[in-house]
Number of protein chains: 2
Amino acid sequence: MSLRFAALGLLAQHPGSGYDLLKRFEKSMANVWPATQSQLYGELNRLADSGLIEVTAVGPRGRKEYRVTAAGRAELRRWITDPADDPPLRRPDLLRVFLLGELSPAAARSYAAGFADHAASELRRLEELRDSLHWDDDDAAFYGRAALEYGLRLAAMEKEWAAGLAVAIAERR
Amino acid sequence: MSLRFAALGLLAQHPGSGYDLLKRFEKSMANVWPATQSQLYGELNRLADSGLIEVTAVGPRGRKEYRVTAAGRAELRRWITDPADDPPLRRPDLLRVFLLGELSPAAARSYAAGFADHAASELRRLEELRDSLHWDDDDAAFYGRAALEYGLRLAAMEKEWAAGLAVAIAERR
DNA sequence: CTTCTCATGTAAGTGGTTACATGATTCA
DNA sequence: TGAATCATGTAACCACTTACATGAGAAG
């Protein structure tokens with residue numbers, strides 16, 4: 001369901017074509033809800049079928065300019081506000097942690113160290129992203145910054161946790 | 001793919017029936033990789049077909065006792081060690097954050113406050129879980145504790161982040 | 001005129017969810 | 001004997017991924 005609202009939300013911020021959306025999507029929401037090109041185009045057609053968005057113009061190369069309808073905006077607000085029973089998290093990397101007992105302590109320690117490295121590089125990536133973005137003062141920028149801050153804190157937390165785990169494994173023999 | 005290894009991993013720790021697995025699963029891995037009964041049973045059959053596990057006995061009510069094979073253990077170790085390109089995270093709750101600009105500041109603030117509450121109650125749930133579990137000193141317990149520690153830190157981080165966001169929204173008007 | 005970017009779509013396959021279906025055994 | 005628990009399975013549906021297909025317009 002979520003992709004539906006990601007698309008609707010992007011259109012609520014700015015009208016545009018599927019192609020436009022696709023690119024804006026990569027730079028913002030794809031970090032929390034990745035989707036492919038196929039999926040996006042399909043979703044736009046379904047949104048239009050249900051009257052939540054509409055085609056305002058057809059340009060060159062069959063380009064379709066979309067815009068949110070009043071119904072779409074209402075539906076979007078409903079979803080955001082809803083007390084949401086979101087699908088649970090799926091974390092293969094943490095699943096592996098449960099199973100590290102199957103490995104030698106050295107190999108397990110190495111997995112934890114790799115986890116820490118990965119978190120560290122994600123942290124750097126997000127820091128660069130934060131520094132590279134020219135932040136406007138509108139709502140989209142404000143809340144985008146908030147989501148980025150979440151990512152930064154998450155990466156920092158993971159780095160410390162995994163480093164601590166690596167140490168704990170080493171100390172355990 | 002991951003559920004396959006969750007099942008394989010549980011069997012590697014202890015042999016048992018699908019039903020047994022299902023219950024052990026709920027109390028450990030389901031927190032990082034939820035799965036349904038249908039899915040588990042299907043996966044066990046597929047694992048048996050590929051020779052990674054085997055049926056050692058058939059009991060009353062058609063109960064099938066499973067055990068990991070040598071091939072299964074090897075495959076499990078391979079997966080844990082693998083430099084994994086894990087599927088990206090999907091977070092509807094953070095997607096909503098991107099779209100809070102569609103709401104009034106009061107409603108957005110309320111969403112952030114709800115986020116913080118949810119994190120706080122998750123934090124309490126995990127603290128209780130930690131205190132209720134009688135921890136053995138084996139590998140499974142050690143790494144299970146590590147995964148739980150991750151959950152605790154995550155919940156604490158989310159609580160603080162969301163509370164901060166709520167304040168920032170309030171201060172912004 | 002060829003290459004790049006713009007622009008949209010279809011099809012096959014996989015993994016997951018929900019609901020349904022079935023029946024044996026245990027225990028009060 | 002009726003309810004709870006043990007125990008396994010099927011079928012329909014939905015979301016997502018990967019790969020493929022097509023073609024118009026811009027720019028050199």
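We name chains A, B, ... by the order of the sequence lines, and we start the count at 1 in each one. Only this structure's heavy atoms are used, side chains among them; waters, hydrogens and symmetry mates stay out.
With DNA chain D read from its 5' end, the first of the two nearest nucleotides for B/Leu22 and A/Ser2 is the one closest to B/Leu22. Residues B/Glu65 and B/Pro88 both approach DNA chain D. Their nearest nucleotides, taken by heavy-atom distance, put B/Glu65 toward the 5′ side.
Of the candidates D/dA19, C/dT25, C/dG15, the closest approach to any side-chain atom of B/Met1 belongs to C/dG15. You'll find that the side chain of B/Gln37 is closest to D/dG9, out of D/dG9, C/dT17, C/dT8. Checked against D/dT5, D/dG9, C/dG9, the side chain of A/Lys64 finds its nearest nucleotide in C/dG9. Residue A/Arg63 has its side chain nearest to C/dT8 when only C/dT8, D/dA19, D/dT8 are considered. Of the candidates C/dG16, D/dT17, C/dA7, the closest approach to any side-chain atom of B/Arg90 belongs to D/dT17.
At C/dC6, one or more side-chain N or O atoms of A/Tyr19 fall inside 4.0 Å of OP1 or OP2 (strictly under the cut-off). Phosphate contact (OP1/OP2 of C/dG15, side-chain N/O of B/Gln39, threshold under 4.0 Å): absent. Of the side-chain N and O atoms in A/Tyr41, one or more sit less than 4.0 angstrom from OP1 or OP2 of C/dT8.
A donor-acceptor pair shorter than 3.5 Å cannot be found between the side chains of B/Arg61 and B/Ser17.
A/Arg61 places its CZ atom 10 Å from the P atom of C/dT8, with the value rounded to the nearest Å. For B/Lys23 and D/dC6, the NZ to C1' distance is 8 Å, given to the nearest whole Å. With rounding to whole Å, A/Leu95 atom CG is found 11 Å from C/dG16 atom P. Atom CG in A/Leu44 sits about 13 Å away from atom P in C/dT10, given to the nearest Å. We find that CH2 of A/Trp33 is positioned 9 Å from C1' of D/dA15, with the value rounded to whole Å. The separation between B/Leu40 atom CG and D/dG9 atom C1' is 13 Å, rounded to whole Å. Rounded to whole angstrom, the span from the CG atom of A/Asn45 across to the P atom of C/dT8 amounts to 10 Å. The CD-P distance, from A/Glu43 to D/dA15, rounds to 7 Å in whole Å.
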Query raised in the report: Going through the checks in order, is the salt bridge (charged side-chain N to carboxylate O under 4.0 Å, His left out) test met by B/Lys23 and B/Glu26?
Result: CA-CA 5 Å; B/Lys23 285 184 306 175; B/Glu26 303 290 89; over 6 Å; no
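In this structure, A/Leu165 is a member of the same hydrophobic cluster as B/Met157, with clusters built from ILVMFWY side-chain heavy atoms closer than 4.5 Å.
Remark: B/Arg172 is positioned above the aromatic ring of A/Phe142, its terminal NZ or CZ atom under 6.0 angstrom from the ring centre and at most 45 degrees off the axis.
Here the rule is side chain to side chain contact (heavy atoms under 4.5 Å, CB included) with B/Tyr143, and of A/Ile169, A/Leu99, A/Leu103 only A/Ile169 fits it.
Judged by atom type and distance alone, B/Ser38 does not reach the base of C/dT17 through any side-chain donor-acceptor pair under 3.5 Å.
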